[in-house]
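Quick notes on the structure that follows.
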Amino acid sequence: MVDKMLNSKGGWIRVVEAFFAILLIGAVIILAINSNAGNSEDIASKVYENELSILRAVQLNESLRASILNLNDNNLPLDLNDSLFPQDVRAKIEEKIPTYLMCGARICKINYECVPDYSSSSNIYTSQVTIFANLQINNPRKLAISCGLK
């Protein structure tokens, strides 16, 4: 009878040990998943911050705004590598792109979808701003930028 009690207690101890082992493994997996999710959110916020910085630099510069507003409607949309894309705007965008990003840009009419043609194996992050009228021209445009990690 004593042998049965000892064997019984040993069985329960093994069950409890197995239960705690499963809990420990589960906790490690959950922590690993959460740490990876946090990294991708950090990367996304950093990319969006850089995109917004580039777009604001163009949007707030009067001469760059004029270059965009003076574009002929028949030539739109224009991608960053098109020959008719304003050179001063292209230079500003390329100057501000961080080395760890590959970006494309597009200028479109205000009432059209404006997503730059950009292909990458990584995640693509897209932002856009509207360039409204200045004192001489009332011809609103959208400027969009899409970036991915190199």
Side-chain angles (χ1 to χ4, degrees), residues 1-65 67-69 71 73 75-133 140-150:
M1 181 105 167
V2 174
D3 286 337
K4 277 189 173 184
M5 287 178 60
L6 287 177
N7 285 338
S8 170
K9 284 185 181 180
W12 278 107
I13 290 174
R14 287 187 180 149
V15 168
V16 170
E17 285 176 346
F19 176 74
F20 281 116
I22 291 171
L23 280 178
L24 182 63
I25 291 170
V28 168
I29 290 172
I30 289 172
L31 287 174
I33 290 171
N34 285 340
S35 69
N36 285 341
N39 289 341
S40 67
E41 288 176 13
D42 291 344
I43 291 169
S45 66
K46 193 177 215 181
V47 172
Y48 282 127
E49 187 177 305
N50 284 316
E51 285 179 345
L52 187 59
S53 170
I54 294 167
L55 292 171
R56 290 289 183 244
V58 173
Q59 187 182 34
L60 299 175
N61 183 309
E62 192 60 38
S63 66
L64 299 178
R65 289 169 51 84
S67 295
I68 292 172
L69 293 172
L71 291 170
D73 283 351
N75 295 331
L76 297 177
L78 285 174
D79 286 315
L80 185 63
N81 54 5
D82 289 340
S83 62
L84 294 175
F85 198 93
Q87 293 298 320
D88 53 348
V89 176
R90 176 184 293 138
K92 181 56 114 176
I93 290 171
E94 289 175 348
E95 164 195 321
K96 294 195 62 80
I97 295 174
T99 57
Y100 67 92
L101 292 178
M102 291 176 24
C103 298
R106 179 177 271 186
I107 300 171
C108 308
K109 295 178 188 176
I110 191 79
N111 53 347
Y112 288 94
E113 183 178 326
C114 198
V115 179
D117 287 334
Y118 183 77
S119 60
S120 172
S121 59
S122 65
N123 293 337
I124 305 297
Y125 305 92
T126 302
S127 299
Q128 64 182 13
V129 293
T130 304
I131 309 292
F132 286 103
R141 304 275 190 243
K142 282 194 265 187
L143 174 62
I145 188 167
S146 290
C147 295
L149 299 175
K150 283 187 177 177

For Val47 and Leu149, run side chain to side chain contact (heavy atoms under 4.5 Å, CB included): C-alpha distance rounded to whole Å, both residues' side-chain angles, the deciding distance at 0.1 Å, then the answer.
CA-CA 9 Å; Val47 172; Leu149 299 175; 4.3 Å; yes
Nearest heavy-atom pair of Ile131 and Leu69: which atoms, and what distance?
O-CD2, 3.6 Å
For Glu113, does the CD atom have more than 12 heavy-atom neighbours from other residues, nucleotides or ligands under 6.0 Å away?
no
CG of Leu80 to OG of Ser146: how many Å apart, nearest 0.5 Å?
11.0 Å
Would a distance-only check, ignoring hydrogens and angles, find a side-chain to backbone donor-acceptor pair under 3.5 Å from Arg56 to Val129?
no
Under a 4.5 Å cut-off applied to non-hydrogen side-chain atoms, are Val58 and Ile68 in contact?
yes
Here the gap from Leu55 atom CG to Lys92 atom NZ, rounded to the nearest 0.5 Å, amounts to 12.5 Å
Minimum side-chain heavy-atom gap Leu76-Arg141 below 4.5 Å
yes
Quick one: closest heavy-atom pair of Cys147 and Ile145, and the distance?
SG-CG1, 4.0 Å
Starting from the C-alpha separation in whole Å, work towards a yes-or-no answer on salt bridge (Lys or Arg N to Asp or Glu O under 4.0 Å) for Arg90 and Asp79.
CA-CA 10 Å; Arg90 176 184 293 138; Asp79 286 315; over 6 Å; no
For Ile110 and Lys142, which heavy atoms make the closest approach, and how far apart are they?
O-CE, 3.1 Å
Salt bridge check: are Lys46 and Glu49 linked by an N-O gap of less than 4.0 Å?
no
Any non-hydrogen side-chain atom of Ile93 less than 4.5 Å from a side-chain atom of Val89?
yes
Test Ile25 against Phe20 for side chain to side chain contact (heavy atoms under 4.5 Å, CB included), laying out the working first.
CA-CA 9 Å; Ile25 291 170; Phe20 281 116; over 6 Å; no
Close side-chain approach of Ile107 to Phe85, heavy-atom, < 4.5 Å:
yes
Within the structure provided, determine whether Ile43 and Tyr48 are in side-chain contact (heavy-atom separation under 4.5 Å).
no
For Ser127 and Glu51, the nearest pair of non-hydrogen atoms, with its separation, is OG-OE1, 2.7 Å
Scanning both residues in full, the closest heavy-atom pair of Ile97 with Cys103 reads CD1-CB, 3.6 Å
Any side-chain heavy atom of Lys109 sitting closer than 4.5 Å to one from Pro77?
no
Please round to the nearest 0.5 Å and tell me the distance separating atom CD1 of Ile124 and atom CE of Met102.
8.0 Å
Closer than 3.5 angstrom, by distance alone: can the side chain of Gln59 be matched with the main-chain N or O of Thr130 as a donor-acceptor pair?
yes
Taking atom OH of Tyr112 as the centre, report whether more than 12 heavy atoms of other residues, nucleotides or ligands fall under 6.0 Å from it.
no
Minimum heavy-atom distance between Cys114 and Gln128, given as atom pair plus value
O-OE1, 3.4 Å
